[in-house]
There are 2 protein chains.
Amino acid sequence: MSGIADVAQRAGVSKATASRALSGSGYVSEKTRARVLAAARELGYVPSTSAVSLATGRTNNIGVIMPYTNRWFFAEVLEGIQAALLERGLDLTLYIAEPGTEGRRRIFEDFLARKRFDGLIAVGLEPEDHEIEKLTAIGRPIVGVVSAGPHAGVVALDEAGAARRATEHLIALDHRAIAFVGGGAGTHYVSVDLARLAGYRQAMAEAGLEQSIRHVPSPDSLPGGYEAAVDILADSRSRPTAIIASCDEVAAGAIIASRRLGIHVPAALSVVGIDDHEYAEMFSLTTMRQVPRDQGARAVEMITAQIADPDREPEKVTLQARMVMRSSTSAVDPARAASAADAARGR
Amino acid sequence: MSGIADVAQRAGVSKATASRALSGSGYVSEKTRARVLAAARELGYVPSTSAVSLATGRTNNIGVIMPYTNRWFFAEVLEGIQAALLERGLDLTLYIAEPGTEGRRRIFEDFLARKRFDGLIAVGLEPEDHEIEKLTAIGRPIVGVVSAGPHAGVVALDEAGAARRATEHLIALDHRAIAFVGGGAGTHYVSVDLARLAGYRQAMAEAGLEQSIRHVPSPDSLPGGYEAAVDILADSRSRPTAIIASCDEVAAGAIIASRRLGIHVPAALSVVGIDDHEYAEMFSLTTMRQVPRDQGARAVEMITAQIADPDREPEKVTLQARMVMRSSTSAVDPARAASAADAARGR
DNA sequence: TTGAAAGCGTTACCAC
DNA sequence: GTGGTAACGCTTTCAA
């Protein structure tokens, strides 16, 4: 439990000099610096974080707030953040603010106000208006991942663009009866789904396929996709020739469902996802890749820059997903395509 | 940014009295307490955590260290911990210490030594000997989830018992050729797998089925289970009539594989898992349920008790999994059972 | 280049 | 019951 006073004494200098030597700020002769460092090492000196914070106003800690941690995207972002913070010697305090819970209310009410952090990274938070107020009231830099804050930095994916390009891929393979599944039911991760859905609609519209637009909502999960796909695929007359899923988990669920129903992917049904989830490979899923881990790392870069210079203009970064071709999509069988399209139009 | 001095002034009392009134410790008359509280509310006073920590030696913060956060079990435990801490007004700082990484080394070397927490919860950490040294050197209470520390509290599952009972269930359904899949390859979550495997072996041995014991290692993941199952099920002569999976994700992978291969579950193949993962329902998986969220909550109870009274003997809790019957298991077809058992014996 | 001393915002001891 | 004041462990002027 030795403090800086012990180190100073052992090195034969004052606390002030010891502090300068250890923190590397201010003039210290090479000789004394070496002595101080040696003394510190010998004593196993570790500065008291609370004392440092009190004196400097810096916590050397970053807050991370997200609605869940048990979904792929969030967990990956979190690990990306953690790894990047680790490199910089910064700690991470985590707030899991599940929408609509008493816990979330308390986090915004009490926990954030404690300002245990120099900056806050908000991942897919989608805050309500009154929550945004609280956020800005903290008076600390904020960087959003996914969600955009007014005066905050943001690192986001071009969600609509990703969905649009995925849909275009399907259209280029002569698919016409293309359903969008996922996004909508029981999910709180709304804006992303909306954007992806919009991208799908746009691509369909631009190809003159407004009539064939079909959105089948489902929870953004493997079971969700499974259930929804079972419904869609049951009726062979109205069955689409292709599915674009709101995310890879839904896509995987759809593929499992089609296997169970004996519908061959991609021969009888093309499926494309978004995310490049860890399951994508196993299902040979063609998908639009995003790398949430990198987004987390990027957010850390941005927040530390903001902390170092609070006056700097917050960055707004938009990433593009990259298509990863596997084998869940193929050109449609011309005969089926026509009849399926008719059926879709007829409903 | 108002401090306790401002509150005191506004209430017309001394800092000392204000402090007592706010923290609720020490004698303060009802009248002045009310005045102080009112003043604090009006000023939006929030105590500085670093000042409080410095003065009291308490951080009001709990450290959580785990190897991953993107696996079901860990994410669930984490959310359980977070929720329980929230109720108690405690913050949570997270350390993700992936085995074998430079990051993990730094966490043990530097980060933990900062003692930013009053107590540490270690989830499935499986620390090396030199890491255990660091852990005890911190001089703060520690509670392990899954893994047992020497002088720490523990909340664990009877892993072997869970696997044993699952296996017994299969045996009771007249299965003889029962393979254990999962646990072993590329996983760092070793001791749990070992325990579960041991439970399987024990049940087999007790039923006189030593000869039929068959362990097929695979990563503890859905793709892992899928790959392994494809291998096992390919040869219809050596194919087991039942599979016990090291965890539900592996079980789900096995079920997906059997669907793909046209092997009906449970008619042609029984599958039982362990965990009661969120996917279990979708696959109608019979499994041994554990509730990691509750384990997290329990760990919080234990760590706060330890902090309140460091002299108390650390608790060691062992939980029992409960079997959840769904429809992935059924009695074996007598004819198949015999031939499969022969085949298994013959390999 | 170094040292003395004044904070940083609380709590807690000890008189009153 | 209440108030003055010395910690808590560090950083940071300001002089020397």
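Values below: all heavy atoms of this structure, side chains included; hydrogens, waters and symmetry mates excluded. To find a chain, count down the sequence lines: A is the first, B the second, and so on, and within it residues start at 1.
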Please tabulate, one pair per line, all N/O donor-acceptor pairs under 3.5 Å involving side-chain atoms of residues 36-46 of chain B, not counting sequence neighbours.
residue	atom	partner	partner atom	Å
B/E42	OE1	B/R10	NE	2.6
B/E42	OE1	B/R10	NH2	2.7

Could you list the residues that satisfy salt bridge (charged side-chain N to carboxylate O under 4.0 Å, His left out) with [X], not counting sequence neighbours?
| X | value |
| --- | --- |
| A/R114 | B/D91 |
| A/R33 | A/E30 |
| B/E133 | none |
| B/E128 | none |

With a 4.0 Å cutoff (strictly under), does any side-chain N or O of [X] reach OP1 or OP2 of [N]?
| X | N | answer |
| --- | --- | --- |
| B/T17 | D/dG3 | yes |
| A/S23 | D/dC10 | no |
| B/S29 | D/dT2 | yes |

Taking five pairs at each end of the helix from C/dT1-D/dA16 to C/dC16-D/dG1, what angle separates the two helix axes (nearest 10°)? 40°
Output yes when A/R106 and A/E109 qualify as a salt bridge under the 4.0 Å nitrogen-oxygen rule, no when they do not. no
Between [N] atom [atom2] and [X] atom [atom1], what is the distance in whole Å?
| X | N | atom1 | atom2 | value |
| --- | --- | --- | --- | --- |
| A/E30 | C/dT2 | CD | C1' | 15 Å |
| B/R33 | D/dT2 | CZ | P | 10 Å |
| B/K31 | D/dT2 | NZ | C1' | 14 Å |
| B/R58 | C/dA12 | CZ | C1' | 15 Å |
| A/Q9 | C/dG3 | CD | C1' | 15 Å |

Classify the nucleic acid contact of A/T32 as base, sugar-phosphate or nothing, counting any heavy atom under 4.0 Å across all strands shown. sugar-phosphate
Check whether any side-chain heavy atom of A/E131 lies under 4.5 Å from a side-chain heavy atom of A/K134, and answer yes or no. no
Looking at residues at least two apart in the chain, or sitting in another chain, which of them share a side chain to side chain donor-acceptor pair (under 3.5 Å) with [X]?
| X | value |
| --- | --- |
| B/E98 | none |
| B/T49 | none |
| A/E79 | A/R293 |

Short heteroatom pairs, N/O only, protein and nucleotides 7-10 of chain C, under 3.5 Å:
residue	atom	partner	partner atom	Å
C/dT10	OP1	B/Y45	OH	3.2
C/dT10	OP1	B/S48	N	3.4
C/dT10	OP2	B/I4	N	2.6
C/dT10	O5'	B/Y45	OH	3.0
C/dT10	O4	B/K15	NZ	3.3

Distances for protein N/O vs nucleotides 13-16 of chain D N/O pairs under 3.5 angstrom?
none

Going by the rule side chain to side chain contact (heavy atoms under 4.5 Å, CB included), which residues pair with B/A297 if we only count those two or more places apart in sequence or in a different chain?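 Residues passing side chain to side chain contact (heavy atoms under 4.5 Å, CB included) with B/A297: B/A84.
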